[in-house]
Each structure stands twice: as structure tokens, then as C-alpha cells.
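A quick write-up on the structure given underneath.
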Amino acid sequence: MADRSPPPNATRPAPRSAPKRPTGLPILQGTLDLLVLKALAPGPAHGYAVAESIRNASDEAFQIEDGALYTSLKRMQKRGWLTAEWGVSESNRRAKYYDLTARGRDELARSRRQWDAYAAAVAKVLAS
Amino acid sequence: MRPILRLFGIVPDPERELDEEIAAHLEMTERALRARGLSEGEARAEARQRFGDVRAHRRAMMRLDEGRWRKVRIMESLDRVRTTLVGAARGIRRAPGFSAAVIATLGLGLGANAVMFGVVDRLLLSPPQHVVDADEVRRVWEVRRIGIGTPRAELATSDYLTWPDYEDLLQIDGIAAAAAYTRPGSEVLGSGEGARPVRVAWSTPSFFPTLGVRPALGRFYLQEEDMTGGPTVVVLSHEFWTDAFGADPGVIGRRVRIGASDWEVIGVTPAGFTGAELRPVDAWMPIRTAGSMAQDMETAMVHRNWWWLQAVVRLNTAVPESVTMQQASAAHVGGRTGTEWEDGFDPEARLVGGPLRQGGGPQPSAQASVSKWLAGVSLVVLLIACANVANLLLARGVRLRRELRVRVALGASRGRLLGDLLTQSLLLSGAGAAVALLIGRAGGGALHSALIPNVAFVDTGLAPRLLVFLGVATVLTALLAGVVPAVRASRDAGTGAGRAARGVTQGRTRLQVGLLVAQGALSVVLLIGAGLFVRSLDAASGLDLGYDVDRVVFVEFEWGGNYAAAERADIYGRALDRLRRVPGVDGAATTYMVPFQGSISIGQPRVDGGEYGRPVGGGPYLNKVGDGYFEAMGLSILQGRPLAPEDMDEQSPPVAVVAQQMAEDVWAGRDPIGQCMYFDDDSPCTRVIGVVENHRRQSLVEEIPHHLYYVNPYHPDAQGPPQALMARAADGVRPTELAGRVAEALTGIAPEVQFVEARPLFSNVEPQLRSWRLGASMFTLFGLLALVVAGVGLYSVLAFDVAQRNREMGIRAALGATRNEILAMVVRSALGLTAIGLAVGVVIALGASRFLQPLLFEVSATDPSVYLGVVAVLLGVGASAAMLPGWRATRVDPSEALRSE
């Protein structure tokens, strides 16, 4: 009986380059989730597209690692705000497409209100 | 299976998907960056930079997926189990001979246990079916000294009680409910052609509620239906209802003829119900109604020396059982104090509660005790099978060494090899269990009907208890037989590489020798047990009962009504004439009592010039027989003459024939012929005219009783016409055959006779032989099984040994050893092993003999002839097992053996 070879590990080791000091604004986890939900509001998109959309919309103001963005996607998928499905990208590559669920849309509206209230409150305090 | 599921997207592989997703992201980022003019290297570095620490993010994401991961991991381990199983199955298929040997050996070993488990479960572990809260229910046993006043007074245990004893039980506080019942007796259902025997038991109406059983159909009888002259109502057993009435629900309310009366069927018991014991019962009748038709119920209800019923009670759990039984015992003795039954009754008699299990209680049946031994024996058979399989697996491990080494070289861990090897033995054991189930079903049925016919076994098919037992036994067997060989093989694969590579292996190991010796020793023990039981059965069935038990057929009539004594006597007279003319009948006579079917004990007669003490064997037992009885029974007249037709005339002087034991005890040293006996004060002298040889009354293991044959005038205890006919089979005629012929010839002798039953007298003795027959058959079967397994085991190890030592044999041959010398060498080593096994086995058997002795009959548990016989058999088997391998060893071609390296 032949032994099964160990399952192929697709992760290529990341090059251990010295981390560059990130430029841009650090971001809170809850805020990142809101940005991702917003990026998915127009319709299903894969992770790369979400990253690009946030990067473009914010004029690269935030310091977000793409990895953290994926973690956010997975986290919200687990919470049932997103669904994920394999599809084919513009460049004919297999990619996972994320889409908002009804609960995801509710969550987007809810955190958006919360964020607005928060921002307004902070602005009010600063303006006083 | 998993790839297919994954194809349908049912089982995703999250790890792989995640990696693919990350790779796709990096690729897209790189492409976008290159489109902006970065070089390939810069683009890759930037993409990674943007993503962050891939490993850390990946780990974070996987943590999120923990739940899904667990599921996948389970699927993966299932997958591994499957591959292991497939691999093991492949291994089994690749060695069909080896596998068949292992499966057959384990199948026989497990099968023996499956069969015995069924018996033990029924006899020793489980209460009768349909009894609710059986642990609160007790059968009542009486323990008292009997034969008080004789030199042979002894403590006796019995479950027979009198009716007043039963009524006493009802008054005890600690007894919540009590019932009396009788063991089933044979009656006849219907009449004429379609008549069939039916086993009828009587019980009080409280019987069913005491046990907690509910009717499957209709109802049980009520208190007010149980009385002298009460309504004739009957409850059928489910089995009899199915068998005789085709399970027709319309039978309720119908009147059926049982014996001489019509009985209304009012209910059916649930399937498998046998009352408080395990004897099959076809019909239940209210005890007083039925009893009043068969005996003097008025007397039976007050007489404290008519022991005719059994009692069962449900305890009141609020009262300690010891207190309850103490009170019951006090009432039992107290009820006799100051009455005519006090004399000779043990004032320390006690009542004891015994569980309903047949193997429980103060007097477990001999069958239950023998079954306990047989269960042990079947375990020993399984142990032998395990030892044998372990040896086969050891040998196989050596053969597999090269393959296993290759696997180790390819990176398989030792644990992995161990797991695979153990899986293989589990699979083999499981296949053995399947064989065992088949054996259990077939063998169980045969065992029940042939050897334990007096116990109602319920065919429950694949009983869950049996399956659990077999499952546990299978796993234990696999481990017992498989662990050591598997550990050895996997270890050798890791370490013994160098030696194995050259194909040089050591011969049999110490472990193999130990296993062989163990097998031999256990076979010896079983064979000795078999020998002892066979000799017991031999002694018991060859026991001189006095009469020729295997030559005689007895005939009883079932009367269709109450007919006058004269009428019956006339019919018996006609039947006797006809019986004497039946071909194959060599002498016939009428009788009042049939041996082993009850007897009448009368008071001691007064004798001239002597005291008639209490006979050790009881009695005198009275019988009233017709002309030719002693010749028909094969009883020799030792002195004087037998009863003659002229003695039977009512005008002739009363005469008697007595048994030798009685003559010796009563008229010691004097000539008994012509002595006088007086049965009461004003009766005339009854003169002894003959002495008949001693014979048994009702048991193979009883003291010789006083028998008294006395015809005229009729003793008040033996009034009325004869009750049975005896016929002697002529030389060369089989009694079973003759019984059929006789029944046919006498059927229709008179319209009053509803049913003629003719049976060989042996059938009355046979039940007493059952425990020895059970022991003899099963011990022999298991012993032979063990012998075959051990013999084959010895053979296979020797064969393997010779094959392994090919080179050595070649060298020996080359050095000038003759074929005879080589053969002798192999046989000698086989006999050496056998002798060690014999020695160990004999020691074990001697140690166990003390415990086996009570189950044997007139055979010492250390009987030398049995031991010597087993020694001879085993040496013979050992030598024969060595012949073929020895012959092969002589065939080794020296030059080839030396060159083959």
C-alpha cells in the first residue's frame, strides 16, 4: 500500500524583506469592514477589485494591507454578511467573487449611520 | 469518495481554496503594477508588500474557518481510514490461503462462543420473558433435612410446596403478591385422528399479575373462576395458539377438548412467555378447577404432605428480604406444629427465595451448571484460536518483512505500519465474526433442540445482546491475536533490515513456541473434560436400573370421560390381548405405576418378629402389576416365584413380591419367603412369595428403594384398574419403532379411549441424562475443534520452520545426514512441543478436576484411562502434524539450498 504524499501546500513562502514603514493612515477593524461592505455595494467583486476600489476611492489615503482586507472578507462571510462564489475574472482567471447578503446590506446601512453619527459627533466636539 | 463529492462542490478544501485565492490576488496585483511600468521583480515585491505577511494573514483567515476546518479534518481522517481499510483488504486478498485459515479459525472460535452465549444468556443471565421487574420476583425453595431418624438424614433442597404452604405465603407482610403453579403435564387436545399432545400447567389466577404479564389476546382467568367445579377456562401460549390454531383470533370464546372436558379459550399469553420457569407450556388452567378434576382437591388443599406445586412471590421492597423469608420459614414450620404432619418434619426447615434465572436459586439445574462450564470451554476454544492466529500472523509478518521494509524506506512511520497490520487483523476477525453468526444461528438451533429440549428458546434472530457480545469478542480477539505480531513485524521492518535483506531469518521464536504449547495444553484440558463427560454419560446410560429400560415400551390411555373402574379394567384387558399379538412384542403386562413417572409410598407394614424401620431409599413403594410384568420388564426373580394369575383372584390369599433391598433390611439373615406383613391392625397376613432384584424408582442417583408388589386384595392406595401397559420389544426390534406400531394397533380399541400414547420407557429416563449428554457432546465437539486447530497450528508452524531452515537442512544433507535422520529431527521437535503442552495441560486438568467432579457420574475427575487416552491422541496428532513438513525437509536439494542465497 502506497503512502499518500502530504497534501500540496500552495503557499509560497513570502520573501522576508524588511517591512517598509507604511505611509498613510492606520485603520480600525470595524472601519475596514464598513469600507469593504461599501465597496461591495454596487455588486459582486473579487478581493483584488475590492482592494483597488478602496485604494482608488480614498486616493490611497489608508494604510491597508491586502491580507487584512481578505481577513475582513472572510470574517464577514462567516458572519453571513457576504457570500462567496468562484467565478472567472476579467483576465480569465479563476477568482472568488464576494457579494452582499441581505444582512450584509442591513449591516452596511447600520454601520454607515453609526459612522456618520460618530463623525458628526467628533466634528461637533472639534468645532466647539 | 471524497474527490467525487468535491467534484460536486460538497466538500471544498478550504486550505487549497484560500491559497488559490491569495495567489490569484497577487497575480492580479502584479499584472496591474507591471502595466504601470514596473519590472517583474519590482511588481512581485510590491504586490507582496501590499499584501503584508502572507503566512500571518493566512493563519488569521484559517482561524476564522476553524469550524469548517474541523469538518474537513474529520473527512480527511475518514479518508485515511478508508485507504487503510482498502489496503488491509488488499493485503487479505493477496494471501487467500492464509486469510481463509485465519477467518475459519476465528470463525469457529467465535462461533462456539456465539452458540454458548445464547445458551448462557437464556439459562444463566436472563429471567423468563415478560416478567416485569424480575429482580423483585422470587421462586420459593424449601431447604430441610429429610430422612430424619434414618442413618442417611441429609439436607435437601426442593421447590415443591403444599397448598397450605402457599396459602401461608399470602399472609406474609413482605410478600406483595404470591402465586402457585405446577410444572406442565401432558394432556391431549381433541380426539381421534387429529388429537395431539398438549403441555398443560395449572396456576392460581394471581400467577399472571404476580409476574406482571399481560395477555396478548383476550384475558387471563379470574379469582372467582378458580374453584372446585369452576368454569373450564384455558389460556393458550402464543406458540401453541400459532401452531395449533394458526394464530386465529377467533379462537377466543371457542371450546376445545383437552383431556376429558371441553375448555373455553379465554386468552393467549404473549409470545415467549413460559411462566416463572423456562419449560415450554402450551396451555394454562386455573389450578383449583383443573386440580379438582384430577385429584382430591379437598384433601390437597389441607394436606401438608402433598408436595405438588411451586410458588412464586413478588417481594414488597419496603421489607428486607431476609425478614420476609424468616417470617415465611416460621409460618412454614409453625403450620405443621401440633398437627399430624409434625412427625419427622425438620423443625429447622426454611424457605429461601431464589431468582427466576434458571442458573440461580439454591439449586441451579445441572444443565445450567454444565452450561457454565461449556461457556468457559468455548472461551478456551477461542483462546486456542487466538493463539493459532497469532502464530499465523507472526509467520506472515516474517514473510512480509521485505515489503514492510520498503514502506519504511518510503517514509511510512512505524505507527502507520502498526495501524495497517492491526486493521488487517480487525478485518480478518470481523470476517470471522460473520462466519460465527452463521454458525451461531445453525449451531444454536441444533443445540437447543437436541440437547436442551426442555427449555423454551425464543428465536430473536440477531439479538442485540448477541451482537454486542460478538462485537466485543471480535475486537478483543483481533487485539489478542494481532497486537504482538503487528508490533513485532513493524519493529522488525524498522530495525531488522540488514538481516532480512539477506533472506536469512531465525527459526521459530520463543513466542511461537509458547503459543504452540499453550494451544496444546488447552486442547489437552478440553479433551480430558470431553473424556470425563463421555465416560459419565456412558456410566449413566449404562447404569443397571434393574429393568431393561431400553427394551420396554409403555402405553397410556387418555380417557374421553369418567368411566367406571370395571369398564376401564375390561378395556385394559382387551388392550393387553391385542398388545400381546402385535408383531415385535415379546411379552406384555398391565401395571399401576410407570417407572420414573411417580410412585406411591405407603406406610410401613407391621412384620412378624421384627421392626420395619424407615428405609434409607424411602418406601415401601407400592405397585400393582398384572401377570407377566417381571418378564416384560426384565426384572429377575431372585427367590421364590413371581405373581401368578391365580394370585389375582379376589378369593385367593393375599401375597406379595418384595425387592431384594427390602428383604435384606426387614428380614435380615432370615428367609423372606413365607414371611407375613400386616398393612393395618385387622388385615390378614400378606405372605411374601418372591424376591425381585433391586431397581430404581425415579432417579439415576437415588438410594435403592424398597419396592413392594402386592395384588390382592387391592391396597387402598392403589385402588382401581391398571393405569398403563408395558410391552417388551423382541430381540432386534427398536423400541421407538415398536412404540409407533403399538400406538397404531391400539388406537380405536374402544370409543372411550380418546388417545393412545405409547413411548419407549427410555424416554422417561432420558431427561436425567441430559446434563451429561450436553456435557459429553459439547465438550467432545469443542475438544475436537481445539485439537484440529492446535494440530493445524502445529503443522503450519513446522512447515514454516522447515521452509525457513531450508539452508540448514541443505547443509545437514550435504554433511551426510540421512533422510530418516532429518525426518526424525522434525518429528522429534514436534513431539517435544507436544509433550510440553501435554504436561502443562495435565497439570491444569488435575487442578480443575475438583470443581468438575460434582458434574460427573460415577467417574473420577482424575480417571487415569481418560488421561492416558488423551496423551496418546495428542502424541499421535503431534507426530502426524510433523510428517508432511518432515518429508519436505528430506526433499531439500543441498546444492540448490546452498546456491539460493
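Chain identifiers are assigned alphabetically (A, B, ...) following the order of the sequence lines, protein sequences preceding nucleic acid strands; residue numbering begins at 1 within each chain.
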Kindly check if the number of other-residue, nucleotide or ligand heavy atoms within 6.0 Å of CZ (A/Arg112) is above 12?
-> no
Please name all residues satisfying salt bridge (Lys or Arg N to Asp or Glu O under 4.0 Å) with A/Arg94, sequence neighbours left out, ordered by chain then number.
-> B/Glu20
Reference residue A/Thr71; test side chain to side chain contact (heavy atoms under 4.5 Å, CB included); the match among B/Arg58, B/Arg63, B/His57 = B/His57
Take atom CZ of B/Arg44 as the centre, draw a 6.0 Å sphere, and report whether it contains more than 12 heavy atoms from other residues, nucleotides or ligands.
-> no
Distance col, row B/Gln49:CD vs A/Asp66:CG, nearest 0.5 angstrom, shows 10.5 Å
Would you list the pairs meeting ring pair (Phe, Tyr, Trp, His ring centres under 6.0 Å) in which at least one residue belongs to residues 103-128 of chain A, sequence neighbours left out?
-> A/Trp115-A/Tyr118
Partners passing side-chain contact (heavy atoms from CB on, under 4.5 Å) against B/Glu27 (at least two apart in sequence or in another chain) | A/Arg93, B/Arg31
Residue-level interface, residues 44-57 of chain A with chain B, non-hydrogen cut-off under 4.5 Å | A/His46, A/Gly47, A/Tyr48, A/Ala51, A/Glu52, A/Arg55
Which bit of B/Ala56 is near chain A, if near means a heavy-atom gap under 4.5 Å: side chain, backbone, both or neither?
-> neither
Considering all heavy atoms, the nearest B/Asp53-A/Glu65 contact = N-OE1, 4.2 Å
Could you check whether the rings of B/Phe51 and A/Tyr70 sit parallel, tilted or perpendicular, using 30° and 60° as the cut-offs?
-> tilted
